[in-house]
Protein chains: 2
Amino acid sequence: MREFMAITKALADQNRTRILLFLGDGELCVCQIIEMLGLAPSTVSKHLTILHQAGLLESRKQGRWIHYRVARDGSPQVRNAIEFARAGLADDPRVAEDRERLATVLKMDVADLCCRYKTQEPT
Amino acid sequence: MREFMAITKALADQNRTRILLFLGDGELCVCQIIEMLGLAPSTVSKHLTILHQAGLLESRKQGRWIHYRVARDGSPQVRNAIEFARAGLADDPRVAEDRERLATVLKMDVADLCCRYKTQEPT
DNA sequence: CACTTGATTCGTTATTTGGCGAAGTGTAAT
DNA sequence: ATTACACTTCGCCAAATAACGAATCAAGTG
């Protein structure tokens, strides 16, 4: 029950579900996820922590960067949850939008991204 | 996305998930669900409304009683969610406890239940 | 009709949650 | 070593949420 509630609570936020979906089978560093969501770094970090603690994400530290990806060796509950989210939102317009936007973000220089989230762009 | 979020938010509460599971394939009136959860009628009513609006439950009015059951003709998302919850908690001790308790509640006279939830039992 | 009664809605309260910015951590570069 | 930087933690605030009791609604019953 503990695990199930952690998972459903993790999924019960739109931004967290978006993260899970646009990660797909790839890997993104935190600054790229920040760029995708357009939220404050601290907020995104918290979301990532919640997803990670629920077992939905795994992380990899590489120098100063931390890369997140969807958990590959998750428990049955975790795997079911991921499948449930993917199936339910496969055709969602918001998710499609994120997929497109991801292509753009991936083309950006990571260094630019990381700098950008500190110095507020003038819009 | 709307529907998905409604479902995950509905599942993101332990009491609501319990309702979904101990309903099983049967039907219970609100006073029985109140007895199962041991919460105030108004609270339970709200939980039922949330589950119903998410499409997870259907209701049937019979005289003064309202019977709830798990939605049979739900959308794909709804069906997946129900399956996800059932699979994830099939072996959960809390759920097993509820299943046992349900047997007791089903043996009670419904009229007694409905009276009881107003006049706080001395235990 | 008045009365009871099962269930919901309303109003309030306490807790949780999502968001931000500032401060802290740890790692690379200078 | 000092600085820069990627990320997290902390402290705070506003909004959402779970809980309750009181009031209300709806449907039998006397």
Side-chain angles (χ1 to χ4, degrees), chain A residues 5-19 27-54 57-69 105 108-121, chain B residues 5-6 8-19 27-54 57-69 105 108-120:
Chain A
M5 293 313 301
I7 291 172
T8 53
K9 280 176 192 290
L11 292 178
D13 177 274
Q14 195 169 16
N15 290 321
R16 285 196 291 267
T17 298
R18 285 175 63 204
I19 292 173
E27 197 180 49
L28 293 177
C29 83
V30 178
C31 61
Q32 291 171 313
I33 299 172
I34 288 168
E35 179 68 19
M36 286 292 294
L37 294 181
L39 295 175
S42 57
T43 304
V44 174
S45 182
K46 199 176 207 174
H47 283 315
L48 290 170
T49 302
I50 290 170
L51 286 164
H52 187 252
Q53 298 215 48
L57 298 187
E58 61 187 67
S59 65
R60 182 175 67 88
K61 193 165 187 175
Q62 183 186 27
R64 268 179 296 190
W65 289 271
I66 298 182
H67 298 265
Y68 281 91
R69 63 175 301 148
V105 171
M108 297 178 181
D109 186 354
V110 179
D112 287 350
L113 281 184
C114 297
C115 292
R116 185 183 311 187
Y117 83 67
K118 296 213 163 176
T119 64
Q120 288 285 3
E121 278 184 291
Chain B
M5 293 313 299
T8 53
K9 280 176 193 289
L11 291 178
D13 177 275
Q14 194 170 15
N15 290 322
R16 286 196 291 268
T17 298
R18 284 175 63 203
I19 292 173
E27 198 180 47
L28 292 177
C29 84
V30 178
C31 60
Q32 293 173 312
I33 299 172
I34 288 167
E35 178 69 19
M36 285 291 294
L37 294 181
L39 295 175
S42 58
T43 305
V44 173
S45 182
K46 196 171 203 176
H47 282 317
L48 290 170
T49 301
I50 290 170
L51 285 164
H52 187 252
Q53 298 214 53
L57 298 188
E58 63 187 66
S59 65
R60 180 175 69 87
K61 194 166 187 174
Q62 182 185 26
R64 268 179 295 193
W65 290 270
I66 298 181
H67 297 264
Y68 281 91
R69 64 175 301 147
V105 171
M108 296 178 182
D109 186 356
V110 179
D112 287 350
L113 280 184
C114 297
C115 293
R116 187 183 310 187
Y117 84 67
K118 297 215 161 171
T119 64
Q120 288 284 4

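Order of the sequence lines sets the chain letters (A, B, ...), proteins ahead of strands, with each chain counted from 1.
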Can you measure [X] atom [atom1] to [N] atom [atom2] for me and round it to whole angstrom units?
{"X": "B:L37", "N": "C:dA7", "atom1": "CG", "atom2": "C1'", "value": "15 Å"}
{"X": "B:R18", "N": "D:dA18", "atom1": "CZ", "atom2": "C1'", "value": "14 Å"}
{"X": "B:W65", "N": "C:dT5", "atom1": "CH2", "atom2": "P", "value": "11 Å"}
{"X": "A:I50", "N": "D:dT8", "atom1": "CD1", "atom2": "P", "value": "13 Å"}
{"X": "A:N15", "N": "C:dT17", "atom1": "CG", "atom2": "P", "value": "16 Å"}
{"X": "A:L28", "N": "D:dC7", "atom1": "CG", "atom2": "C1'", "value": "15 Å"}
{"X": "A:M5", "N": "D:dT17", "atom1": "CE", "atom2": "C1'", "value": "13 Å"}
{"X": "A:L11", "N": "C:dT17", "atom1": "CG", "atom2": "P", "value": "15 Å"}

Hey, could you give me the [atom1]/[atom2] distance between [X] and [Y], rounded to the nearest 0.5 Å?
{"X": "B:M108", "Y": "B:C31", "atom1": "CE", "atom2": "SG", "answer": "10.5 Å"}
{"X": "A:Q62", "Y": "A:H67", "atom1": "CD", "atom2": "NE2", "answer": "4.5 Å"}
{"X": "B:L28", "Y": "B:I66", "atom1": "CG", "atom2": "CD1", "answer": "13.5 Å"}
{"X": "A:H47", "Y": "A:T17", "atom1": "NE2", "atom2": "OG1", "answer": "10.0 Å"}

- Quick one: on DNA chain C, does A:K46 or B:Y68 contact a more 5' nucleotide (nearest heavy atom)? B:Y68
- Query: Of A:Q62 and A:S42, whose nearest nucleotide on DNA chain C comes first from the 5' end?
  - Reply: A:S42
Between [options], which one does the side chain of [X] approach most closely?
{"X": "B:P41", "options": "C:dG21, D:dT8, C:dT8", "answer": "C:dT8"}
{"X": "B:K61", "options": "D:dA4, D:dA26, D:dG21", "answer": "D:dA26"}
{"X": "A:D13", "options": "D:dC7, C:dG19, C:dT5", "answer": "C:dG19"}
{"X": "A:L39", "options": "D:dC7, C:dT8, C:dG19", "answer": "C:dG19"}
{"X": "B:R64", "options": "C:dT5, C:dC20, D:dC7", "answer": "C:dT5"}
{"X": "A:C29", "options": "D:dC7, D:dA18, D:dT9", "answer": "D:dC7"}

- Query: Within the structure, does a side-chain N or O atom of B:H47 lie under 4.0 Å from either OP1 or OP2 of D:dA19?
  - Reply: yes
- For C:dG18, does either OP1 or OP2 sit under 4.0 Å from a side-chain N or O belonging to A:R16? yes
- Any donor-acceptor pair under 3.5 Å from B:K9 side chain to A:A12 backbone: yes
- Message: Does A:T43 contact C:dG18 through a side-chain donor or acceptor facing the base, at a distance under 3.5 Å?
- Response: no
